2 protein chains.
Amino acid sequence: MNNEPAQHLDRTFAALSDPTRRAMVERLAQGPATVSELAAPLPMSLAGAMLHLKVLEESGLVTSRKVGRVRTCRLDPQRLSLAEQWVAGRRALWERRLDRLGAFLDASKPDGEA
Amino acid sequence: MNNEPAQHLDRTFAALSDPTRRAMVERLAQGPATVSELAAPLPMSLAGAMLHLKVLEESGLVTSRKVGRVRTCRLDPQRLSLAEQWVAGRRALWERRLDRLGAFLDASKPDGEA
DNA sequence: ACAACACTTAAGTGATGACTTGACAATTAA
DNA sequence: TTAATTGTCAAGTCATCACTTAAGTGTTGT
């Protein structure tokens, strides 16, 4: 699990750091969508939206397939999960530490209980 | 839950998108550390490391208190949790949809089983 | 054939980011 | 008091990001 290139996490978190791209992810969480559908609600040109889409694809969060002249995009839950796990892992580590510390304090100074 | 300023997520994900800052978070997951301790293993100047630390603090992922001439930094698990929940939420939505779709396909075309 | 459609690419611009060096506080140790 | 430690601020530099407009590529409907 620790063997993954950090670059992937770089790109994934960077992709998620932009509100436009998070909006795209939110939309895609409801189901697949075409490039135009993703771009339509955004306050920018189609070309601008495509740049964001490119970032999402390069991060691996989104995959797409083109049939005819329409490109359909969908979310990749695995990549989402990867980012989630990194965060969860560090948080678990830190909270476990806090728990141990609490237990130690409780044990060495039982007056402080309750 | 949807009422939080998107800005916080912007900053949190942006903070996590840099390997140097993730290294700092990893270090802080083991326990509090001073500015120098955080900067020591990094291939950059102290001032450079402080800029990263500033980003982490502005995102809320890290808090710090200065006593004497030493500033001690620690992780804020709540902020970590916030980012985690955003990702988990979208992923859950999408995977729930995939499950529904799978169930539908199984029901309408039972030949495909096993 | 022709036009409308759905993208795609390229080039350019202004704003952020990730550093650097260097000067400067504030605290502690000798 | 002097000097070392620990951190902070201020410029300045170079790269990357977030767009824009404009032009171009296939695809589909008439």
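Quick caveat: nothing in here was measured; it's all calculated off a predicted structure. In what follows, every chain begins at residue 1, and chains take the letters A, B, ... in the order their sequences are listed.
- Contact annotation: B/R71 side-chain N/O to D/dT8 OP1/OP2 distance is under 4.0 Å.
- One side chain, A/R71 or A/S64, offers a donor N or O that lies under 3.5 Å from an acceptor on the other.
- Between the CG atom of A/D18 and the P atom of C/dA15 there is a distance of 17 Å, given to the nearest Å.
- Side-chain atoms of A/R69 come within donor-acceptor range of the base of C/dC5, with a qualifying N/O pair under 3.5 Å.
- Of the residues near DNA chain D, B/V70 and A/G68, the one whose nearest nucleotide (by heavy atom distance) lies more toward the 5' end is B/V70.
- Note: CZ (B/F13) to C1' (D/dC17) measures 19 Å, nearest angstrom.
- Rounded to a whole Å, the CG atom of A/D10 is 15 Å from the C1' atom of D/dC17.
- We find that A/R11 and A/E58 are not joined by a salt bridge, their nearest charged nitrogen and carboxylate oxygen being 4.0 Å or further apart.
- Salt-bridge annotation for B/R91 and B/E95: present, with a side-chain N of the basic residue lying under 4.0 Å from a carboxylate O of the acidic one.
- Taking the six-membered ring where the residue is Trp, B/F13 and B/W86 present perpendicular rings, their angle passing 60° and hence far from 30°.
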- [ ] Go through A/R74 and A/L28 one step at a time and tell me if the side-chain contact (heavy atoms from CB on, under 4.5 Å) criterion holds.
- [x] CA-CA 6 Å; A/R74 68 188 62 237; A/L28 288 174; 5.6 Å; no
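- With B/S81 as the fixed residue, the side-chain hydrogen bond (donor to acceptor under 3.5 Å, both in side chains) test singles out one of B/E84, B/Q85, B/Q78: B/Q85.
- Going from atom CZ of A/R65 over to atom C1' of C/dT8 covers 20 Å, rounded to whole Å.
- Looking at residues 41-55 of chain A, you'll see A/M44, A/S45, A/A47, A/G48, A/L51, A/H52 sit with a heavy atom under 4.0 Å from some atom of DNA chain D.
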